[in-house]
Amino acid sequence: MLPRLELMGALLSARLSSNILKALKLDIPCFFWTDSKITCFGVQGQPKKFKPLMKNQIQKLTSPSFWNHCPEIQNPADIVSRGVKFSRLLNDISWLQGAEWLRLPPDFWPESKNEDSPNSSDLEYRKSDIVQHECIIEGQQESF
């Protein structure tokens, strides 16, 4: 369930950035950051293997090369989503302005490594790409 929510967040980001660029008539690159390796892999991966959500919407609205993985510890959005005392929000405004490295040239951004794909059980593939295996054990037929 969590990977689906992360993908929905990515879709929301793609739609929002697209609408803002159109409304302001801007032609600038937009970079996207996620601390979800599954989302990053899905957006940058092979779209034909993933559900239409990935293929038809996120990749049409954004360039896969502009999606990056942000280490969870450096994700300022997590400060608010995990609950924090108000006094900390007053003193630490990184959750509003983003990580300090975002104001630096891309050479100083965290490196998005092309790691191995996440566990296949965490990914939501299109049904046509899932192979069903049958096994007969002592006279009982099982599908998995």
Side-chain angles (χ1 to χ4, degrees), residues 1-135 137 141-144:
M1 185 66 169
L2 189 59
R4 183 176 295 180
L5 291 175
E6 295 281 358
L7 292 173
M8 291 303 296
L11 177 58
L12 180 63
S13 295
R15 287 178 176 169
L16 182 61
S17 68
S18 177
N19 288 335
I20 290 171
L21 292 174
K22 285 178 188 174
L24 298 177
K25 296 180 175 82
L26 296 174
D27 186 20
I28 58 172
C30 286
F31 294 92
F32 301 88
W33 294 89
T34 178
D35 63 3
S36 167
K37 290 181 182 179
I38 294 170
T39 300
C40 205
F41 176 79
V43 173
Q44 295 174 341
Q46 301 170 2
K48 67 181 181 181
K49 284 188 173 184
F50 296 95
K51 288 192 171 195
L53 171 79
M54 296 297 300
K55 180 180 178 187
N56 296 335
Q57 295 184 28
I58 296 174
Q59 288 194 346
K60 280 187 178 180
L61 294 171
T62 65
S63 172
S65 63
F66 290 153
W67 282 87
N68 300 285
H69 179 258
C70 173
E72 188 173 329
I73 192 132
Q74 296 179 12
N75 183 357
D78 281 352
I79 295 170
V80 177
S81 66
R82 294 205 172 122
V84 67
K85 290 185 178 184
F86 185 71
S87 59
R88 178 164 179 214
L89 293 180
L90 289 175
N91 297 322
D92 181 3
I93 58 170
S94 66
W95 62 277
L96 284 176
Q97 297 179 355
E100 289 185 29
W101 46 262
L102 281 174
R103 293 183 284 287
L104 300 173
D107 294 343
F108 295 96
W109 293 354
E111 197 171 313
S112 291
K113 301 172 186 167
N114 291 336
E115 299 173 4
D116 294 335
S117 65
N119 294 333
S120 60
S121 62
D122 292 333
L123 299 171
E124 291 189 17
Y125 290 105
R126 297 174 66 140
K127 288 182 182 178
S128 62
D129 289 340
I130 297 174
V131 178
Q132 185 170 13
H133 299 280
E134 291 186 7
C135 180
I137 301 174
Q141 186 173 353
E142 304 248 349
S143 295
F144 58 94

| request: Could you tell me which residues satisfy ring pair (Phe, Tyr, Trp, His ring centres under 6.0 Å) with Phe31, sequence neighbours excluded, listed by chain and number? | output: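 If we apply the ring pair (Phe, Tyr, Trp, His ring centres under 6.0 Å) test to Phe31, skipping adjacent residues, the hits are Phe66, Trp109.
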
| task | With sequence neighbours left out, write down each residue that passes side chain to side chain contact (heavy atoms under 4.5 Å, CB included) with Asn19, or none if nothing qualifies. | result |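 With sequence neighbours excluded, Asn19 shows a side chain to side chain contact (heavy atoms under 4.5 Å, CB included) to no residue whatsoever.
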
| Do you know the tightest heavy-atom contact between Ser17 and Cys30? | CB-SG, 4.2 Å

[atom1] of [X] to [atom2] of [Y]: how many Å apart, nearest 0.5 Å?
X	Y	atom1	atom2	result
Leu16	Leu11	CG	CG	11.0 Å
Ser13	Leu61	OG	CG	11.0 Å
Gln57	Ser18	CD	OG	11.5 Å
Leu24	Ile20	CG	CD1	7.0 Å
Thr39	Phe32	OG1	CZ	13.0 Å
His69	Asn75	NE2	CG	9.0 Å

| Ser63 and Ser65: side-chain donor and acceptor closer than 3.5 Å? |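 There is such a pair between these side chains.
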
| Looking just at side-chain N and O atoms, do Trp67 and Thr34 make a donor-acceptor pair shorter than 3.5 Å? | no

I want to check something: taking the side chain as every heavy atom from C-beta on, are [X] and [Y] in contact at a cut-off of under 4.5 Å?
X	Y	result
Glu100	Arg103	yes
Leu21	Ile28	yes
Ser36	Phe41	no
Asp35	Gln74	no

| Does Thr62 reach the main-chain N or O of Gln59 with its side chain, forming a donor-acceptor pair under 3.5 Å? |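 The answer is no, because no donor-acceptor pair under 3.5 Å joins these two groups.
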
| Any chance CG of Leu104 has more than 12 other-residue heavy atoms, nucleotides or ligands included, within less than 6.0 Å? | yes

